[in-house]
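First comes the structure, then the notes that go with it.
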Amino acid sequence: MKSIKENILWDSFRQGNKDALEIIYEENYSALYYYGLKFIKDRDTVKDNIQELFLELIKSGDRLAKTDNIRYYLLRALRYKLTRKTPVKLIGETEVQKNIEFSLIESVEHQLITKEVEEGSKKKIINAIGKLSEKQQEIIYLRFYNNLSYQQIAEVYGTKMQTVRNLMSRALHSLKEDFRNNRDQLLLFLLPIPQP
Amino acid sequence: MKRESNYNNFGYEDFVEDEKFRNWIFSPDEESQFFWETFIKNNPNKKGTVQIAREIVESIHLEEKPISREEYIPSLTILKHKIIKQNKPEKNIYLFPNWWNKIAVILLIPFITISIYFYFSRQNPVQEGQKTQYIVPPGQKSNVILADGTSVWLNSGSTLTYFIGNKLDRKVHLEGEAFFDVTKDKKRPFLVETDKYTVKVYGTSFNVRAFKEQVTSEIILEEGAVSVITGKNEEIKLKPNQRFYINEENKYQVSHIDPEYYTCWKDNILRVNNEELQHLIVRLERWYGVSISIPNFEKVKNLRYTLTIKTESCREMLELMRLVTPFTYTIKGENITINYDI
């Protein structure tokens with residue numbers, strides 16, 4: 001049912017309906033903002049990019065592809081926009097390029113500070129996540145925080161669903177191994193579960 | 001609602017994947033607390049697995065507070081303002097936002113000049129059945145309007161040959177890819193010959209791809225009706241939104257497709273859907289008019305890509321591909337070398 005509604009909403013957005021724009025903006029702003037922050041640390045730059053993205057989408061109007069999952073569409077579009085913006089040097093023999101990369105580390109770090117976690121455990125967690133590849137971190141984020149399906153994540157990367165599944169499986173395994181080795185320290189942090 | 005029993009054979013991965021499980025850790029409440037405590041009590045053998053899963057979820061848990069209305073409303077207001085401004089005609093300042101577009105323009109100028117030269121030099125008396133050729137070099141596209149009003153979009157690296165003077169015949173020979181918008185004429189069919197087959201039409205639009213170096217060939221029909229006459233003199237009728245595909249053994253098949261995917265190149269869009277690198281490379285070389293070499297080609301030729309190229313420069317396209325499969329590249333003039341990290 002949800003997809004049918006999204007379809008209609010997206011269609012009216014494509015036709016330039018202001019109310020549709022408002023609803024889509026409201027429903028997706030947070031997700032886009034936090035996703036963007038994983039690529040670019042500067043909050044204002046992320047906000048500017050979201051605004052620019054919407055402007056471009058509106059400009060494209062009915063040339064935009066149809067979708068029944070707006071969140072997915074927008075995340076993918078923003079990702080494309082941010083990663084494409086990499087400053088590229090003009091023709092040269094060899095060049096060192098700094099890619100804009102996805103990273104969960106800063107957000108997790110920030111999270112741990114606010115939780116007043118013990119220094120040792122903090123390092124272990126950061127270390128464990130740092131061992132994951134950029135892609136693995138992003139897959140975790142898209143899957144668990146934006147509920148994208150494996151198929152959709154695969155489309156974001158233009159790869160096979162099985163590849164994404166494998167990456168996830170290896171990521172979880174790597175985390176598991178890390179935590180197993182540091183069980184004693186971590187338990188102090190992880191237990192007990194905070195009550196609401 | 002999942003019942004408790006379903007969780008009995010879960011591994012740690014399954015728990016992490018389970019939304020109910022994650023919600024318990026992300027935002028525990030009395031109900032979920034009770035549910036999971038009971039589960040562990042009844043399944044003591046799962047305690048370790050649950051613990052591992054919980055540690056993983058905890059470690060990646062982020063509390064991302066929704067952005068408040070007050071925070072995003074200003075940006076929405078600005079956005080709306082910009083939309084109104086955008087709708088007013090304004091000078092386009094960013095006509096050439098990047099360097100590659102300028103190159104394209106520079107390349108185009110000699111091309112146009114050459115075309116004009118050929119055009120004028122052809123003003124001498126036309127002989128009956130004189131052969132005329134349009135050759136579109138790699139990296140360029142061209143639009144030709146034939147004497148009968150038929151529009152032909154020629155893709156990069158294609159050659160269109162036709163005979164002028166013979167007023168009764170509408171016949172062209174194609175090597176490469178072209179999109180035809182054929183002027184209606186019930187009396188005189190329009191014929192497109194390729195090495196493998198001939199397409200016969202009376203008025204319609206369709207796409208033909210028949211490159212010399214490719215052993216397969218295809219026709220996409222957008223509207224109207226065409227018939228394909230194969231080398232064995234078989235006649236196959238196509239309906240709109242159908243694709244005729246003939247393979248290296250001259251076996252053909254007809255399938256239903258979305259024609260836009262196959263014909264969008266004429267609007268300067270290159271669509272690649274789950275295509276192997278070995279085929280993609282050929283298309284990119286033609287699209288950009290470059291030559292691409294890959295040292296460890298055998299290892300990577302089966303990598304599959306899905307991408308859409310609109311106005312991206314060759315460099316931007318390489319950057320896109322690198323996002324999916326890490327590699328480094330060097331560009332020297334028209335020669336590109338790609339070194340995969342694999």
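Letters A, B, ... are given to chains in the order of the sequence lines, protein chains preceding strands, and every chain is numbered from 1. Values in this document were obtained by computation on a predicted structure and should not be read as measured data.
With a 4.5 Å cut-off on non-hydrogen atoms, F144(A) touches chain B through its backbone and its side chain both. Proximity to chain B (any heavy atom under 4.5 Å) is restricted, for N147(A), to the side chain, taken from C-beta onward. S169(A) touches chain B through backbone and side chain together, each having a heavy atom under 4.5 Å away. In this structure, the portions of H173(A) lying under 4.5 Å from any heavy atom of chain B include both its backbone and its side chain. Contacts between Q137(A) and chain B at a heavy-atom distance below 4.5 Å are absent for every atom of the residue. Contact of I140(A) with chain B is made through the side chain alone, with heavy-atom distances under 4.5 Å. Contacts of F102(A) with chain B are absent, with no heavy-atom separation under 4.5 Å from either backbone or side chain. Heavy atoms closer than 4.5 Å to chain A are found in the side chain of Y12(B), but not in its backbone.
Atom NZ of K123(A) is surrounded by 12 or fewer heavy atoms from other residues, nucleotides or ligands within 6.0 Å. The number of heavy-atom neighbours closer than 6.0 Å to NZ of K41(B), taken from other residues, nucleotides and ligands shown, is 12 or below.
Scanning both residues, I52(B) and K176(A), for their nearest heavy atoms gives CG2-CG, 3.4 Å.
For the options L320(B), L307(B), T306(B), heavy-atom pairs under 4.5 Å to chain A are most numerous at L320(B). Your options are R304(B), K65(B), E71(B), R69(B), and the one with the most heavy-atom pairs under 4.5 Å with chain A is K65(B). Counting heavy-atom pairs under 4.5 Å between each of Y33(A), Y145(A), Y29(A) and chain B puts Y145(A) at the top.
With rounding to the nearest 0.5 angstrom, the CD1 atom of I50(A) is 12.0 Å from the CG atom of L76(B). The structure places CD1 of I78(B) at 10.5 Å from NZ of K47(A), a figure rounded to the nearest 0.5 Å. To the nearest 0.5 Å, atom CD1 of residue I83(B) and atom CG of residue L21(A) are 5.0 Å apart. I56(B) contributes atom CD1, which lies 11.0 Å from atom CD1 of I129(A) (distance to the nearest 0.5 angstrom). To the nearest 0.5 Å, atom CD of residue E155(A) and atom CG of residue N274(B) are 10.5 Å apart. Note that CD of E17(B) and OH of Y150(A) are 3.0 Å apart. Values are rounded to the nearest 0.5 Å.
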Quiz item: Stepwise, does the side chain to side chain contact (heavy atoms under 4.5 Å, CB included) test hold for R79(A) with L323(B)?
Solution: CA-CA 11 Å; R79(A) 176 186 206 279; L323(B) 288 176; 4.3 Å; yes

Self-check item: Worked verdict on Y141(A) versus I60(B) for side chain to side chain contact (heavy atoms under 4.5 Å, CB included)
Solution: CA-CA 8 Å; Y141(A) 188 75; I60(B) 56 175; over 6 Å; no

Exercise. Evaluate the side chain to side chain contact (heavy atoms under 4.5 Å, CB included) criterion for residues L62(B) and Y34(A): first the C-alpha distance (whole Å), next the side-chain angles of each, then the deciding distance (0.1 Å), finally the verdict.
Key: CA-CA 10 Å; L62(B) 298 172; Y34(A) 285 117; over 6 Å; no

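Between K124(A) and E55(B) there is no salt bridge, since no side-chain nitrogen of the basic residue lies less than 4.0 Å from a carboxylate oxygen of the acidic one. By the 4.0 Å N-to-carboxylate-O rule, E22(A) lies close enough to K80(B) to be salt-bridged with it.
Side chain of E13(B) to backbone of L172(A): no donor-acceptor contact under 3.5 angstrom is found.
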